[in-house]
Chemist: 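Next up is a structure, given as structure tokens.
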Amino acid sequence: MDKKYDAIIIGAGVIGSAISFELSKKGYKTVNIDRNATSGYGSTAASCAIIRVHYSTFDGCALAYEGYHYWKDWEKYLEFNDESGLAKFIECGCMIYKTEANQNLKKVIQRADELNIPYEEWGPNEIKDNLPIVDTHKFGPVKTTSDVDFGKHKNEKLLGSVFFPTAGYINDPQLSAHNLQRASEQYGGEFLFNSSVENILKENGRVSGIQLKDGTKILANIVVNVAGPHSMKVNQMAGVEDDMNIKTKALKVEVSHVKPPENFNYEKDAFVVSDSDIGCYSRPETGNHILIGSEDPECDERIFVDPDKWDENFTDQWNTQLYRQAQRYPNLPLSSKVKGVVSLYDVSDDWIPIYDKSSLHGFYMAVGSSGNQYKNAPIAGVMMAKLIEQCEKGHDHDKDPVKLHLKYINREIDIGFYSRNRVINSETVSYTHLRAHETSLHLVCRLLLEK
């Protein structure tokens, strides 16, 4: 006999598990379906798990600052103590360099002022005081390593930076998804692993469930697509992609995992850094290492792939990121041992996620989340539960977008900001340093590769 639920959630990463938790608390009978062996084992496990509060858009900034408060008191939010332990928020702060590429962070500072987010402005000397290993010369615009001017500067200093103390990273992203799974299970949420969705079932103009690869049918009047890099394929199964103005696709990414300069404790004394002058972001990692990722400069190739058939090997991008970071840290060891992670992003056309209903009644989406929405997982769960609840009561979200009150910062946002039918947001496209480039090495992740 086919199993029947109130809601099926495709994906058990950190956002899918958060949606399950929030719906379960509201009394929905939920089941999460995931092709992996456990919750958070896909893109979540490969996430850099950066918690940052700076964005150029008001809605993005407000949501991130609200999300910060959930991570700040994680155990209180969960109302449950996982037998495996709880993920920990390492609140080391985040520094963003002022560059021409990000318009010297004028929008970011404006948003922080609007939302009363604490920050400090540092000049080159203060940057050096807080991060002694740094070279504060301008190296931009970002270049490929084959460029004859790579690594050169004109003896000009960067204008400065902005430091946000209410930022950092989660020490174990996969564990955070497991925490949400266990919290959901306390309210009756179920999870089905090692299972792949092959079809979206429909009846009388609305979704009616899903069919698994083995032929099993699971029925529900609500299906939520939180399938990460496979989100585009699930939308295609549902027949809703053609109706969307903003679409998603899978992007290959690489992160370098290296030792810091000698005699500097990067894990203890450094913080998250966004550096659009060299086209890299970085953060401390367990064992006194640095994680270095790309901020997707225009000079680099973007490799979009079929998430079921792609090359998981490192490319020259690993070395490119290492050498770019070495411009900023002149004493960075240039190791030939390639270590890090190769993974996929689920990216939207304008790098803003889609949290929305679809043209198929009962079919919802939390997609295009890339690496940067990890920080918003708890509040994304709250937002999706509110959206689903209102739409299922008959509210026309397309004509009159649902509003969400952010309880910690006492603000209201328009969920329509994340609509599938929005016009591409040129503001976010121009802010390459604020994009979704936050994938990292997680030491227990199955994607770990060494050469």
Side-chain angles (χ1 to χ4, degrees), residues 48 50 52 54-56 92-109 119-145 147 149-154 156-164 167-169 253-258 260-261 264 266 269-285 289-300 317-332 334 340 371-372 430-440:
C48 193
I50 289 174
R52 63 175 169 93
H54 65 276
Y55 273 86
S56 58
C92 58
C94 176
M95 181 182 73
I96 310 95
Y97 286 102
K98 295 180 178 180
T99 69
E100 288 82 359
N102 60 39
Q103 296 146 43
N104 293 319
L105 298 177
K106 289 180 181 178
K107 282 280 189 181
V108 169
I109 293 171
Y119 67 88
E120 302 170 16
E121 293 192 67
W122 293 349
N125 290 336
E126 290 169 296
I127 295 171
K128 189 78 173 178
D129 288 341
N130 286 281
L131 196 59
I133 60 175
V134 75
D135 182 335
T136 56
H137 282 101
K138 284 185 180 180
F139 293 94
V142 184
K143 308 171 185 67
T144 63
T145 54
D147 191 305
D149 290 324
F150 181 84
K152 297 178 182 178
H153 60 76
K154 298 178 181 179
E156 296 178 17
K157 294 283 187 176
L158 289 165
L159 182 63
S161 68
V162 176
F163 180 79
F164 289 90
Y169 61 95
V253 292
E254 302 177 37
V255 167
S256 311
H257 180 260
V258 300
F264 183 77
Y266 205 87
D269 298 327
F271 31 77
V272 178
V273 178
S274 173
D275 191 344
S276 54
D277 181 64
I278 62 170
C280 290
Y281 72 86
S282 59
R283 79 152 172 85
E285 175 59 300
H289 285 81
I290 310 175
L291 299 180
I292 306 168
S294 172
E295 292 198 341
D296 189 35
E298 294 299 326
C299 59
D300 287 359
Q317 181 66 26
W318 189 95
N319 284 303
T320 296
Q321 290 163 189
L322 177 63
Y323 279 89
R324 282 176 178 158
Q325 189 63 58
Q327 295 172 110
R328 188 67 64 222
Y329 301 156
N331 295 320
L332 185 70
L334 298 178
N372 85 339
S430 67
Y431 271 70
T432 56
H433 72 294
L434 297 178
R435 288 182 183 176
H437 311 295
E438 295 168 8
T439 292
S440 84

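Along the sequence shown, residues are numbered consecutively beginning with 1.
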Chemist: How far apart are the closest heavy atoms of C92 and F271, and which atoms are they?
Modeler: O-CB, 3.4 Å
Chemist: Taking all atoms of both residues into account, what is the closest heavy-atom pair of P284 and V272, and its distance?
Modeler: CD-N, 4.1 Å
Chemist: Please determine if R328 and D275 form a salt bridge, counting it only when a charged side-chain N lies under 4.0 Å from a carboxylate O.
Modeler: yes
Chemist: Can you check whether D277 reaches L158 side chain to side chain, under 4.5 Å on heavy atoms?
Modeler: yes
Chemist: Could you tell me which non-hydrogen atom of T144 sits nearest to which non-hydrogen atom of C299, and how far apart they are?
Modeler: CG2-O, 4.0 Å
Chemist: Looking at CE of M95 and CD of E120, how far apart are the two atoms once the value is rounded to the nearest 0.5 Å?
Modeler: 12.0 Å
Chemist: In the structure I gave you, are the side-chain heavy atoms of L322 and V258 within less than 4.5 Å of one another anywhere?
Modeler: yes
Chemist: Hey, does the side chain of N102 reach the backbone of K107 with a donor-acceptor pair shorter than 3.5 angstrom?
Modeler: no
Chemist: How many angstroms lie between CG in L332 and OH in Y323, if you round to the nearest 0.5 Å?
Modeler: 10.0 Å
Chemist: Report yes if some heavy atom in the side chain of H137 is under 4.5 Å from a heavy atom in the side chain of K157; otherwise report no.
Modeler: yes
Chemist: Output side-chain donor-acceptor pairs under 3.5 Å for residues 126-134, partner residues at least two apart or in another chain, one line each.
Modeler:
unit_1: E126; atom_1: OE1; unit_2: G123; atom_2: N; d: 2.8
unit_1: K128; atom_1: NZ; unit_2: P132; atom_2: O; d: 3.3
unit_1: K128; atom_1: NZ; unit_2: V134; atom_2: O; d: 2.7
unit_1: N130; atom_1: ND2; unit_2: E126; atom_2: O; d: 2.8

Chemist: Specify the closest pair of heavy atoms between S276 and A101, including all atoms of both residues, with the distance to one decimal.
Modeler: OG-CB, 4.1 Å
Chemist: Within this structure, what is the CG-OG1 distance for the pair N125 and T136, rounded to the nearest 0.5 Å?
Modeler: 7.5 Å
Chemist: Could you check if a side-chain atom of H54 sits within less than 4.5 angstrom of a side-chain atom of V162, using non-hydrogen atoms only?
Modeler: no
Chemist: What I'd like to find out is whether the side chain of K152 reaches to under 4.5 Å of the side chain of K143, using heavy atoms alone.
Modeler: no
Chemist: Taking the side chain as C-beta and beyond, is there a heavy-atom pair between Y266 and L291 under 4.5 Å?
Modeler: no
Chemist: Can you find a heavy atom in the side chain of Q327 that is under 4.5 Å from one in the side chain of D135?
Modeler: no
Chemist: What distance do N104 atom CG and S161 atom OG have between them, rounded to the nearest 0.5 Å?
Modeler: 11.5 Å
Chemist: With a 4.5 Å limit on heavy-atom distance, are the side chains of V108 and F164 in contact?
Modeler: yes
Chemist: For residues Y281 and C48, report the shortest heavy-atom separation together with the two atoms involved.
Modeler: CE1-SG, 4.2 Å
Chemist: How far apart are the C-alpha atoms of E295 and V142, what are their side-chain angles, what is the distance that settles it, and do they pass the side-chain contact (heavy atoms from CB on, under 4.5 Å) test?
Modeler: CA-CA 10 Å; E295 292 198 341; V142 184; over 6 Å; no
Chemist: Would you please classify the geometry between the H289 ring and the H257 ring as parallel, tilted or perpendicular, with 30° and 60° separating the classes?
Modeler: parallel
Chemist: Between atom CZ of R52 and atom SG of C94, what is the distance when rounded to the nearest 0.5 Å?
Modeler: 7.5 Å
Chemist: Indicate yes or no for a side-chain donor-acceptor contact from Q321 to the backbone of I292 under 3.5 Å, with no hydrogens or angles considered.
Modeler: yes
Chemist: Do you know the tightest heavy-atom contact between I290 and P261?
Modeler: CD1-CD, 4.4 Å
Chemist: Mind running side-chain contact (heavy atoms from CB on, under 4.5 Å) on F264 and Y329 for me, showing each step along the way?
Modeler: CA-CA 11 Å; F264 183 77; Y329 301 156; over 6 Å; no
Chemist: Show your working on side-chain contact (heavy atoms from CB on, under 4.5 Å) between T145 and N319 and close with a plain yes or no.
Modeler: CA-CA 9 Å; T145 54; N319 284 303; over 6 Å; no
Chemist: Check the angle between the aromatic planes of W122 and F163 and answer parallel, tilted or perpendicular using the 30° and 60° thresholds.
Modeler: parallel
